[in-house]
Amino acid sequence: MTVLAHRVTASDADDQLTRDALAVLQPGFEGTTAPAWLLRRVGEGLTAVGLFGRNIASPEQLAALTAQLRAERDDVLVAIDEEGGDVTRLEVRGGSSFPGNLALGAVDDTALTRDVARELGRRLAECGVNLNWAPSADVNSNPDNPVIGVRSFGADTHLAARHTAAYVEGLQAAGVAACTKHFPGHGDTNVDSHHALPRIDVDLDTLVARELVPFKAAIAAGTKAVMSAHILVPALDPTRPATLSPQILTGLLRKELGYEGLIVTDGMEMNAIAGTYGIERGSVLAIAAGADAICVGGGLADEATVLRLRDALVAAVRDGALPAERLADAAARVRALAAWTRHARAAAAPGAPQEGSAPGIGLAAARRALVVSGTAAPVSAAPYVATLAPVANIAVGDETPWGVAAELAALVPGTGSGVFPEGATATDILAAAGGRTVVAVVRDAHRHPWMAQALDGLVAARPDTVVVEMGVPQAAPRGALHIATHGASRVCGAAAAEIIAGA
């Protein structure tokens with residue numbers, strides 16, 4: 001009997017090319033159920049989907065949503081930006097049950113970091129999420145950094161490295177792939193890449209000794225993915241940002257550091273890329289440079305965006321601007337990670353919640369992260385909580401509540417509160433507080449002169465003022481009682497409220 005071999009036709013090749021182009025995209029969408037267009041594209045080869053706060057209403061709803069996606073493709077990668085702390089999508093409307101990286105770095109107990117990451121991973125896995133765009137391995141060496149800050153484990157290189165590795169291990173032990181970011185390091189910037197292209201002007205020796213160390217630790221720990229940064233690092237590539245640089249993604253990350261996992265871009269609609277290259281050209285250049293997956297969907301979350309990027313990649317292969325082998329290799333890496341997550345999901349022991357009885361591991365960790373200065377006694381009467389609120393950066397968003405007002409009111413009935421935006425003065429706050437003790441809550445007071453002036457005025461007029469710093473505690477402590485929480489998650493606020501109330 002003669003067996004006829006299947007002849008590869010032009011249409012077969014075209015179909016594979018289209019499937020590969022879809023496979024490398026990690027798009028977002030609107031709504032709390034998967035739209036028909038998204039399910040259709042998953043059936044056509046789309047291998048990953050990104051979730052944001054707008055897609056999540058409850059754990060039950062999220063589990064139903066991921067089940068919808070898996071009905072189309074069992075190994076679909078469902079990604080999320082769930083750092084815990086200030087950047088949360090699971091608890092976007094209530095605040096995170098976990099402290100963020102700076103709080104964990106302040107405690108400096110790698111076993112705690114590993115346990116927190118594992119519990120966070122367990123919750124993600126329960127909801128069907130299997131790729132987390134975390135942790136941030138950036139060394140926050142510039143205290144004026146407007147976008148990293150408390151998302152970093154700290155300014156100490158080796159502390160950041162050991163906690164990055166612990167976080168990766170904990171998350172992946174729960175069957176959720178870690179995506180260590182933002183390579184080659186976003187810590188020494190004073191520009192937010194959501195708005196413009198940051199530039200890091202340090203020499204190669206500094207980069208090797210500082211920025212790259214946590215990424216090497218993450219690679220050694222087996223991180224399944226690494227996210228590139230939209231930053232210009234002239235010591236590595238004087239012309240292209242890291243996301244689009246063959247020298248950085250292929251030369252440094254792949255060849256010098258020996259990384260074999262998935263390389264994911266940061267959001268391509270961020271202005272550092274979209275405003276300079278455009279998302280179509282940027283996506284082609286990123287894949288050509290060595291990236292394997294294109295993250296898009298925080299701001300552009302529709303089918304038209306997916307089709308634009310798919311078609312741009314296909315056209316680039318056809319006109320010779322992007323080697324077909326490079327796109328095929330990128331798609332293969334995406335599919336390999338998808339296969340890993342399916343096996344990891346089956347292998348990960350479900351386990352009970354860490355410290356499932358009250359208070360839970362998140363609050364316990366937040367308590368350990370507090371640094372308290374001053375000798376003032378707990379408040380004896382209902383205070384007034386004045387939250388001095390800076391404009392939120394895009395990564396954190398403005399949907400998530402923060403502060404200590406709600407938590408303190410639960411402990412001290414009658415507690416009053418108000419939110420004071422940029423430009424508010426001590427006089428404004430004192431007028432609202434009346435005769436009550438003021439609890440002034442700030443976030444990165446050292447970066448906001450108006451905050452520092454308001455605090456100075458409050459402390460001068462009312463020496464019994466309590467100050468809670470929920471950002472990077474760079475400024476000197478002030479007030480009768482000063483509490484540094486090292487982050488603004490809900491549990492950080494709860495831990496501070498306990499100190500203020502003497503609970």
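As the structure is a computational prediction, the values presented were derived from the model and not from experiment.
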Problem - Rounded distance (nearest 0.5 Å) linking atom CG of Leu65 with atom CG of Leu51 - result: 6.0 Å

Practice task
Give the minimum heavy-atom separation between Leu120 and Gly84, together with the two atoms involved.
Solution key: CD2-N, 4.3 Å

Exercise for the section: Determine whether Leu102 and Arg151 make a side-chain contact, defined as any pair of heavy atoms from C-beta on separated by less than 4.5 Å. Expected result: no

Problem - N/O donor-acceptor pair under 3.5 Å between Asp456 side chain and Gln453 backbone - result: no

Handout entry: ring pair (Phe, Tyr, Trp, His ring centres under 6.0 Å) partners of Phe183, counting only residues at least two apart
Key = Phe215

Exercise for the section: Supply the atom-to-atom distance Glu60 CD to Glu126 CD, rounded to the nearest 0.5 angstrom. Expected result: 10.0 Å

Practice task
Using modelled atom types only, decide if a donor and an acceptor are shared between the side chain of Asn130 and the backbone of Thr341 within a distance under 3.5 Å.
Solution key: no

Fill in the blank from the handout: The reported gap from CD1 in Ile80 to SG in Cys127 (rounded to nearest 0.5 angstrom) is 8.0 Å

Practice task
Taking the side chain as every heavy atom from C-beta outward, state whether Asp108 and Arg162 have any pair of such atoms under 4.5 Å apart.
Solution key: yes

Handout entry: Residue pair Thr88 / Glu82, side-chain donor-acceptor N/O under 3.5 Å
Key = yes

Practice task
Return yes if some donor-acceptor pair links the side-chain N/O of His186 with the main-chain N/O of Asp138 below 3.5 Å, else return no.
Solution key: no

Exercise for the section: Output all residues satisfying ring pair (Phe, Tyr, Trp, His ring centres under 6.0 Å) with Phe153, sequence neighbours left out; order by chain, then residue number. Expected result: His163

Practice task
Say whether, by atom type as modelled, one donor and one acceptor occur between the side chain of Glu269 and the main chain of Ala274 under 3.5 angstrom.
Solution key: no

Exercise for the section: Mind listing the closest non-hydrogen atom pair of Ala426 and Ala454 along with its distance? Expected result: CB-O, 3.6 Å

Practice task
Would you check if the side chain of Asp109 reaches a backbone N or O of Ala111 as a donor-acceptor pair within less than 3.5 Å?
Solution key: yes

Practice task
Provide the closest heavy-atom pair for Leu232 versus Pro241 in the form atom of the first, atom of the second, distance.
Solution key: CD1-N, 3.9 Å

Exercise for the section: Determine yes or no for a side-chain-to-main-chain donor-acceptor pair under 3.5 angstrom, with Asp237 supplying the side chain and Gln247 the backbone. Expected result: no

Exercise for the section: Kindly indicate, with the supporting measurements, whether the criterion salt bridge (charged side-chain N to carboxylate O under 4.0 Å, His left out) is fulfilled by Asp81 and Lys181. Expected result: CA-CA 11 Å; Asp81 200 6; Lys181 61 190 183 185; 2.8 Å; yes

Handout entry: 4.5 Å side-chain heavy-atom contact, Leu388 and Ile429
Key = yes

Handout entry: Within-4.5 Å side-chain heavy-atom neighbours: Lys216 and Leu257
Key = yes

Exercise for the section: Return each pair, listed once, that meets salt bridge (Lys or Arg N to Asp or Glu O under 4.0 Å) where at least one residue sits in residues 487-500; pairs must be two or more places apart or across chains. Expected result: Glu91-Arg490, Arg367-Glu498

Handout entry: Residue pair Ser136 / Ser152, side-chain donor-acceptor N/O under 3.5 Å
Key = no

Problem - Main-chain N/O of Thr485 paired to Glu469 side chain as donor or acceptor, under 3.5 Å - result: no

Practice task
Working to the nearest 0.5 Å, report the span between OH of Tyr167 and CZ of Arg118.
Solution key: 14.5 Å

Problem - pair Arg368-Leu112: side-chain heavy atoms closer than 4.5 Å - result: yes

Handout entry: Cationic N near anionic O, under 4.0 Å, Asp205 to Arg210
Key = no

Exercise for the section: State, yes or no, whether a side-chain contact exists between Gln26 and Val264 at a heavy-atom distance under 4.5 Å. Expected result: yes

Problem - Heavy-atom closest contact (Leu363 atom, Val491 atom, distance) - result: CD1-O, 3.6 Å

Practice task
Taking the side chain as every heavy atom from C-beta outward, state whether His486 and Val150 have any pair of such atoms under 4.5 Å apart.
Solution key: no

Practice task
Spell out, as yes or no, whether a donor-acceptor pair under 3.5 Å connects the side chain of Glu399 to the backbone of Arg93.
Solution key: no

Exercise for the section: Please examine the side chains of Leu131 and Val78, heavy atoms only from C-beta on, and report whether any two atoms are closer than 4.5 Å. Expected result: no

Handout entry: Among Thr265, Asp266, Thr243, side-chain hydrogen bond (donor to acceptor under 3.5 Å, both in side chains) partner for Ser228
Key = Thr243

Practice task
Decide yes or no on side chain to side chain donor-acceptor pair (under 3.5 Å) for Ser96 and Ser489, but give the supporting numbers first.
Solution key: CA-CA 5 Å; Ser96 180; Ser489 72; 5.3 Å; no

Fill in the blank from the handout: The reported gap from CG in Leu249 to CG in Leu244 (rounded to nearest 0.5 angstrom) is 8.0 Å

Problem - Closest non-hydrogen atom pair, Val468 against Ala496 - result: CG1-CB, 4.1 Å

Problem - Under 3.5 Å donor-acceptor, Arg462 side chain and Val459 backbone - result: no

Fill in the blank from the handout: Rounding to 0.5 Å, atoms CG (Asn140) and CD1 (Ile148) come to a distance of 7.5 Å

Exercise for the section: Mark yes or no for whether Asn55, through its side chain, and Thr32, through its backbone, hold a donor-acceptor pair below 3.5 Å. Expected result: no

